[in-house]
Amino acid sequence: DFFSALYKLQDLLREEEKLQLDLSRYISSVQENEQDVPLEILRFSESLKIKRKTINDGSAYIEHPVNDFHLLYRFVVEWQSVFDIIFCKDCEETEAAKDFNFTVQLVSKRLGLWPSSYDLDGASSALLRLWKVYKLDLNEFINGIVQTYTADQPMSDDEVLTVAKFADSVKDDYSEMRWLKALYKRLQTQDGFSHSQTTVIRVARSLAASFYKLGFPKKGIFILEPFQSLENRDINSDVAFYLSNATSDENETIPEPATEDAMYEALCREEQKSLHELAKLRCFLRDTVIPYYKAKEEVVNYEPRIAIFHDVISPTSIEHLKSIASKGLTRSTVFLENTGPNGQVTITYGKQDNIRVSQTCWVRTDEYPELSRLENRIQLITGLSAEYKPVRSHSEKFQVVNYGVGGMYTAHHDYTEYKLGIISNPMDSEDISTSGDRMATWMFYMNDVKAGGATVFPEVRTRIPVAKGGAAFWFNLRPSGATDPRTLHGGCPVLVGSKWVTNKWIREEGQMDRRLCGLTEDAVEDFPKI
Ligand SMILES: O=C(O)CCC(=O)C(=O)O
Ligand SMILES: [Fe+2]
């Protein structure tokens with residue numbers, strides 16, 4: 001899938017340039033033969049020239065959610081209809097068309113898979129998610145404005161309609177209504193010449209239908225009122241239907257449905273700790289066994305302790321990790337627990353799911369020995385062994401993660417409840433199959449995100465904004481070995497830009513004399529006093 005991966009969007013952008021050049025060549029060759037080029041194709045080609053003019057290397061272009069939507073929409077809808085016209089079934093096959101087809105086949109082969117309606121659905125879903133989580137102003141959003149970042153073009157009416165239809169297809173009636181309403185408002189405020197009456201009527205009817213679906217038929221009638229004088233049969237029968245369903249007690253406002261995870265979303269938008277709690281947080285230099293190296297530690301929560309360590313990975317190491325990972329990124333997977341009809345729990349490993357939208361690549365230290373320096377640094381700072389070994393490893397491989405625009409990870413726990421010395425997951429390789437649970441999480445932040453992408457902990461109202469070169473660290477298990485549910489956390493959707501992190505999960509194996517259990521079951525770490 002394309003939307004979850006920036007590098008794939010980059011491929012699309014690059015390949016589109018070739019398509020565009022070849023379409024121009026096709027057009028001139030047809031015109032040289034004194035034949036007519038269909039008007040739609042001329043229009044598309046002209047508008048594409050204008051659109052692509054502002055794209056330089058493209059990396060900034062694809063950081064904006066609305067630009068990404070444009071790009072996918074062009075591939076799935078607009079280019080497709082160009083092909084349908086040029087390669088139509090009953091048309092004679094001209095030399096120009098053959099040449100153009102050659103390029104299309106080549107591009108198609110290089111892309112591997114042409115983006116499909118599945119990808120456009122993914123893009124629509126991402127726009128809806130960003131709009132909801134960050135409570136974006138919808139009129140601004142459809143005009144391409146996100147905070148201080150503006151898309152190259154506003155969304156077209158058809159694009160807005162595509163998102164509304166997607167909302168309808170996933171039974172998100174409220175969002176469908178809001179997007180149709182925003183579109184309707186836009187159609188009304190623009191001058192009458194740019195839109196045909198049929199478009200306006202179509203949107204008005206859809207909007208009225210969505211009001212009806214939400215239980216507000218009167219609002220539907222109100223929308224259709226201005227068109228009743230047109231004696232349009234469809235409109236009149238819609239109105240009659242809504243009238244027969246209208247009751248006298250219809251509320252003024254349509255309630256917004258509750259979000260699934262309100263605290264996660266609130267934290268994604270802004271800090272939720274009180275000023276009183278925030279005032280207690282501290283930064284300090286943590287001693288290490290090297291007398292002249294002290295780690296810059298920022299405590300963001302005390303119970304459980306969650307910390308950011310600043311400046312713990314160099315730009316060179318970051319580029320190195322990224323370049324290794326770029327060759328092997330694939331869509332991230334998760335473990336899914338399903339409870340069957342008889343209450344039996346089955347776990348599916350390695351499943352793709354919309355709770356985690358990103359690309360990952362595992363990187364082994366035995367393949368890239370220079371990365372052991374990063375493991376040593378983690379050990380220096382945390383006192384835990386982060387050494388990777390092919391058998392009974394102290395930590396997992398480095399997991400490099402890349403989130404594109406809209407990419408995120410909903411709230412989850414990192415612990416697996418695997419027992420030390422026991423194979424709990426049949427899919428695990430020898431390195432970690434008996435190494436126990438994920439005692440701690442260390443996560444490097446490898447770039448700055450323009451907007452969005454914080455790491456948040458809903459149970460303890462904690463928010464870590466992304467800062468390049470730093471790392472987040474926390475224990476998923478208590479000193480007793482019990483799992484700590486307060487460590488629930490997630491990665492917020494990337495709003496503008498992209499996000500690169502690298503996880504290093506530290507396993508129980510090898511930590512016996514590094515992290516002591518404490519004398520009681522509820523013992524806590526003895527952190528340096530501040
Ligand atoms: O990207 C983030 O901020 C969190 C990632 C995460 O929790 C994970 O990969 O397990
Ligand atoms: Fe996690």
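Numbering of ligands and ligand atoms starts at 1, following listing order. This structure is a prediction, so every number in the text was calculated from the model and none was measured. Residue numbers count from 1 along this sequence.
Closest non-hydrogen pair, Lys273 versus Arg461, comes out as CG-O, 3.1 Å.
Judged by the 6.0 Å and 45° rule, Arg129 forms no cation-pi pair with Tyr134. Cation-pi check for Arg74 over Trp79 is not met; the charged atom does not lie both under 6.0 angstrom from the ring centroid and within 45 degrees of its normal.
In this structure, atom 2 (C) of ligand 1 lies nearest to the protein heavy atom Lys499 NZ, 3.2 Å. Protein heavy atom in closest approach to atom 5 (C) of ligand 1: Tyr403 OH, 3.4 Å.
Aromatic rings of Trp500 and Tyr403 (six-membered ring for Trp) have centroids beyond the 6.0 Å cut-off, not under it. Aromatic ring centres of Phe457 and Trp474: separated by under 6.0 Å. If you look at Tyr409 and His412, their ring centroids are closer than 6.0 Å. Aromatic ring centres of Phe398 and Trp362 lie farther apart than the 6.0 Å criterion allows.
Near His412, meaning under 4.0 Å from any of its heavy atoms, are these atoms of ligand 1: 6 (C), 7 (O), 8 (C), 10 (O). Near His489, meaning under 4.0 Å from one of its heavy atoms, ligand 1 places the atoms 7 (O).
If you take CD1 on Ile381 and CZ on Arg377, they are separated by 7.0 Å, rounding to the nearest 0.5 Å.
At a 4.0 Å heavy-atom cut-off, ligand 1 does not touch Ile464 at all.
Across the listed options Tyr409, Trp505, Phe457, Tyr409 owns the non-hydrogen atom lying nearest to atom 6 (C) of ligand 1. For atom 3 (O) of ligand 1, the choice among Asn503, Val501, Thr455 with the nearest heavy atom turns out to be Thr455.
Under 2.8 Å from the Fe ion (ligand 2) lies no N/O/S atom of His413, from backbone or side chain alike.
The Fe ion (ligand 2) lies closest to atom OD1 when only the N/O/S atoms of Asp414 are considered.
Polar contact with ligand 1: absent for Gln399 (N/O pair, distance under 3.5 Å).
Using a 4.0 Å cutoff on heavy atoms, Met443 counts as a contact of ligand 1. Not a single heavy atom of Val401 sits less than 4.0 Å from an atom of ligand 1.
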